[in-house]
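Here's the structure we're looking at; comments come further down.
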Amino acid sequence: MPEGHMIHRVARDHNRLYRGQQLSVTSPQGRFQASATKLDAKTLERVDAYGKHLFYWWAGDQVLHIHLGLYGKFRNHRSPPPTPRGAVRLRVIGDTHAFDLNGPTACELITPTQQIAIADRLGADPLRKDADIEQAWSRISRSRSVIGKLLLDQSVIAGVGNVYRAEALFVNQLAPERAGQTLDRNQFDSLWQTLVAMLRIGVKYNRIITADPDEVGKPPSRMNRSERLLCYKKECCPRCKTAIKSWELGARKMYACPACQV
DNA sequence: AAGAATGTTATGTA
DNA sequence: CTACATAACATTCT
């Protein structure tokens with residue numbers, strides 16, 4: 001489920017619900033990265049999101065690094081939380097709220113130095129104010145690699161996943177197979193602005209919505225799964241009705257309109 | 001109910 | 001050095 005918007009949403013929610021509190025941190029199903037349990041009853045100072053990575057800063061300079069990978073999932077509860085569902089790797093309990101974490105790729109205690117190293121290798125995050133847009137432009141404008149792959153490269157742009165890649169290229173009418181170096185500055189800027197807008201909407205509604213609610217005729221919260229997207233997993237192009245083409249690109253399934261995207 | 005999936009990293013090859 | 005392919009890993013949803 002996770003693209004950058006969800007990670008930033010979690011950071012926002014968890015800062016609101018848990019910041020400054022003394023929390024109980026346990027690992028109910030044991031086997032996964034049990035070092036997290038060393039954090040039993042610590043004070044949470046803040047939660048940061050960089051791309052798809054989360055960092056929980058605790059008193060005593062300990063950082064809990066979480067990456068959801070493809071399957072990882074947070075489940076929120078009221079305190080006290082119910083019996084764990086599935087393989088809960090991490091359970092955090094506060095006075096009023098609690099959450100479980102299932103199936104993450106990473107859930108590990110790291111040092112502030114390691115945190116910097118991880119953040120440093122990530123590219124510009126459209127949801128962060130400190131995003132280095134020039135660096136993203138520099139990487140893309142010099143690359144012979146294809147824009148459909150570059151968008152998934154977290155060291156170029158951090159936080160974009162398979163859905164936003166398809167949707168952003170569709171909106172900008174860019175063919176995924178175009179080499180990065182063939183984009184001009186205006187096209188890059190427009191693509192970037194699309195990503196910023198899309199991800200912000202994602203954080204706001206906690207789901208990916210790239211279709212225009214006015215066109216659909218429903219408020220964003222009421223839109224069906226298929227109504228929310230323009231191109232990803234669609235049968236035909238909403239602009240010209242041409243059949244959407246799908247193929248593997250960068251080891252993930254790409255969707256694009258062969259007529260509109262050039 | 002099998003298969004796909006909103007991901008990353010490590011490793012090998014050209 | 002860059003680019004690309006592949007495998008490994010985790011679990012939920014349809």
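Values in this document were obtained by computation on a predicted structure and should not be read as measured data. In what follows, chains carry the letters A, B, and so on, assigned in the order in which the sequence lines appear, proteins first and then strands, with residues in each chain numbered from 1.
In this view, A:Glu134 and A:Arg185 satisfy the salt bridge (charged side-chain N to carboxylate O under 4.0 Å, His left out) rule, not counting sequence neighbours. For A:Glu177, the side chain to side chain donor-acceptor pair (under 3.5 Å) test picks out A:Trp247, with sequence neighbours left out. Partners of A:His97 under the ring pair (Phe, Tyr, Trp, His ring centres under 6.0 Å) rule, at least two apart in sequence or in another chain, do not exist in this structure. With sequence neighbours left out, A:Trp137 forms a ring pair (Phe, Tyr, Trp, His ring centres under 6.0 Å) with A:Phe188.
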Only pairs under 3.5 Å count here: list side-chain donor-acceptor contacts from residues 122-130 of chain A, not counting sequence neighbours, and write none if there are none.
unit_1, atom_1, unit_2, atom_2, d
A:Asp125, OD1, A:Leu127, N, 2.8
A:Asp125, OD2, A:His8, NE2, 2.8
A:Asp125, OD2, A:Gly51, N, 2.7
A:Arg128, NE, A:Asp130, OD1, 2.9
A:Arg128, NE, A:Asp130, OD2, 3.4
A:Arg128, NH1, A:Ala49, O, 2.8
A:Arg128, NH2, A:Tyr50, OH, 3.4
A:Arg128, NH2, A:Asp130, OD2, 3.0

Using distance only, find each side-chain donor-acceptor pair of residues 251-262 of chain A under 3.5 Å and give its atom names and separation, not counting sequence neighbours.
unit_1, atom_1, unit_2, atom_2, d
A:Gln261, OE1, A:Cys257, N, 2.8
A:Gln261, NE2, A:Leu169, O, 3.4
A:Gln261, NE2, A:Leu174, O, 2.8

Under 3.5 Å, which donor-acceptor pairs link side chains of residues 192-201 of chain A to any protein atom two or more places apart or in another chain?
unit_1, atom_1, unit_2, atom_2, d
A:Thr194, OG1, A:Asn172, ND2, 3.0
A:Thr194, OG1, A:Ser190, O, 2.9

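OP1 or OP2 of C:dC9 has not a single side-chain nitrogen or oxygen of A:Arg89 nearer than 4.0 Å. Of the side-chain N and O atoms in A:Lys253, none sit less than 4.0 angstrom from OP1 or OP2 of B:dA5. The side chain of A:Arg252 places an N or O atom within less than 4.0 Å of a non-bridging phosphate oxygen (OP1 or OP2) of B:dG7. One finds a side-chain N or O of A:Asn102 lying less than 4.0 angstrom from the OP1 or OP2 phosphate oxygen of C:dT12.
Look at CZ on A:Arg225: it is 9 Å from C1' on C:dC13, rounded to the nearest Å. The CG-P distance, from A:Leu70 to C:dT14, rounds to 15 Å in whole Å. Atom-to-atom, CZ of A:Arg85 to P of C:dC13 comes out at 7 Å; the value is rounded to the nearest Å. In this entry the distance linking CD of A:Glu248 with P of B:dA5 reads 8 Å, nearest Å. Rounded to whole Å, the distance from CD1 on A:Ile66 to P on B:dT8 is 15 Å. Residue A:Leu68 contributes atom CG, which lies 13 Å from atom P of C:dC13 at whole-angstrom precision. Following rounding to the nearest Å, A:Lys73 (NZ) and C:dT11 (P) show an atom-to-atom distance of 13 Å. In this structure, CD1 of A:Ile118 is placed 12 Å from C1' of B:dT8, rounded to the nearest angstrom.
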Where do N or O atoms of nucleotides 9-14 of chain B meet protein N or O atoms at under 3.5 Å, pair by pair?
unit_1, atom_1, unit_2, atom_2, d
B:dT9, OP1, A:Arg121, NH2, 2.3

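Contact between A:Gln187 and A:Leu183 at its shortest, heavy atoms only, is OE1-CA, 3.4 Å.
Sorted by first then second residue, the ring-ring contact (aromatic ring centres under 6.0 Å, His included) pairs that include residues 157-176 of chain A, not counting sequence neighbours, are A:His5-A:Tyr164. For residues 141-152 of chain A, the set of pairs meeting the side chain to side chain donor-acceptor pair (under 3.5 Å) definition, not counting sequence neighbours, comprises A:Ser138-A:Arg142.
At distances below 3.5 Å, at least one donor-acceptor pair connects side-chain atoms of A:Glu3 with backbone N or O atoms of A:Gly161.
Look at the P atom in both C:dA10 and B:dA1: the space between them is 24 Å, to the nearest Å.
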DNA chain C base-pair string [pairs: Watson-Crick or G-U under 3.5 Å; |: paired with another strand]: .||||||||.||||

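Using a 30° and 60° split on the angle between ring planes, A:His14 and A:Phe99 fall in the parallel class, below 30°.
Proximity of residues 140-165 of chain A to DNA chain B (heavy atom under 4.0 angstrom from any strand atom) is restricted to A:Gln154, A:Gly161, A:Asn162, A:Val163.
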